[in-house]
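Down below is the structure, laid out as structure tokens.
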Amino acid sequence: MSPELQLDSHGRLRHLLTLEGLDAGLLTEILDTAEEFDKTLRGPEKKLPLLRGRTIINLFFEPSTRTRTTFELAAKRLSADVLNLQMAASSTSKGETLFDTLKTLEAMQADMFVVRHEASGAAHFFAQHAAPGVSILNAGDGRHAHPTQGLLDLFTIRRYKSGAGRPGPDCFRKLRVAIVGDVLHSRVARSDIHGLRALGTTDIRVVAPPTLIPAGIEQMGVRVCHRIDEGLDGVDVVILLRLQKERMLGAYLPSMSEFHRDFGLTRKRIEALRRDAIIMHPGPINRGVEIEGDMAYGPQSLILQQVQHGIAVRMAVMAMILGPPQRRAADGRRGLRRARSAA
Ligand code: ASP
């Protein structure tokens, strides 16, 4: 799947399909923009007029709680008109193709589609066929990518791991990160790894039984650990992944309780972490499986902060793609500089 599809000729974001191929400059710009929006969201007037008159359609072919609602809220905070389509109740269930669904909704003059689909590559398909001026945001495609989750994870890590003041360029370089659980089926793991690698993190461990590790994942620049104590040793960040039961066609695990025993974040394992280590999970949590039930919102957990950061991050992406030109200008100039230095 071509990552270039998502940038225009000036290096600006046109679609957001994957974090693969986005460089540190652009990722940092998205995170900085999200910081600005996060400030606004904490103030009394949470709504900005940046996308007034724009139409954004949420097309969710798979269930979602956090991602759909935070995309909707983000669009509303930017004053866009938002439509939420329940695709199970739409014409696709009568056999309409994805292409015809896209063209039908484009005819209503939508500016952006936020797409979640169980097929890896669905968002790329929409982007390849979208009319000029129509943008696609990938809200999760199969086990491939979940770029806004990756961005909100980076935002959360940067916020809590950069010490006081503005995050410096070194913030990500020194981190030790463990990604624990169902790496095989996880689009979140892939997006997190692409983002962390682009920002300079070199110590990334993926921690799971062999059945839940995809072949060749080392080529993404991570270390595979099949023992959790080795994987968690000295880490600054623990990212837990949900067991994706809906994507498991065969038997990957003896049982949930054995997974919890061998790979779950138990109270004992949390107590053995560094005191300043942070714990994240994209949700929904299987309590008592990925993490001991009553530890989910413990003092080191940032799981609810991740949800909150999702709004600012999604506002940033929408505004950088659809916002007024002055909001996109800096991005374009940096994109040009990047393109020139790469030439
Ligand atoms: N909500 C995330 C996703 O859609 C994580 C998960 O479902 O496990 O990929």
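Atoms within a ligand are numbered from 1 in the order they appear, just like the ligands themselves.
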Other residues, nucleotides and ligands only: do more than 12 of their heavy atoms fall within 6.0 Å of CD on Glu218? yes
Heavy atoms from other residues, nucleotides or ligands near CZ of Arg52 exceed 12 (cutoff 6.0 Å): no
Can you check whether Gln149 has an N/O within less than 3.5 Å of an N/O in ligand 1?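 Checking ligand 1 against Gln149, no N or O pair falls under 3.5 Å apart.
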Heavy atom of the protein closest to [atom] (residue, atom name, distance):
atom                   : answer
atom 5 (C) of ligand 1 : Gly283 O, 3.2 Å
atom 7 (O) of ligand 1 : Arg242 NH2, 3.0 Å
atom 4 (O) of ligand 1 : Arg187 NH2, 2.8 Å

Report the part of [X] (side chain from C-beta onward, or backbone N, CA, C, O) that has a heavy atom under 4.0 Å from ligand 1; answer both or neither where that applies.
X      : result
Val188 : side chain
Arg66  : neither
Pro284 : side chain

Just checking His185 against Tyr252, ring centres under 6.0 Å apart?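 Centroid separation for His185 and Tyr252: below 6.0 Å.
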Using a 6.0 Å distance limit plus a 45 degree cone around the ring axis, check whether Arg116 lies over the aromatic ring of Phe60. no
Nearest 0.5 Å please: distance from the OG1 atom of Thr70 over to the NE2 atom of His309.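 With rounding to 0.5 Å, OG1 (Thr70) is 12.5 Å from NE2 (His309).
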Partner of Met112 under side-chain contact (heavy atoms from CB on, under 4.5 Å), picked from Leu322, Leu16, Val317, Asn58, is Leu322
Heavy-atom proximity to atom 8 (O) of ligand 1 ranks first, among Gln244, Arg116, Glu62, Lys245, for Gln244
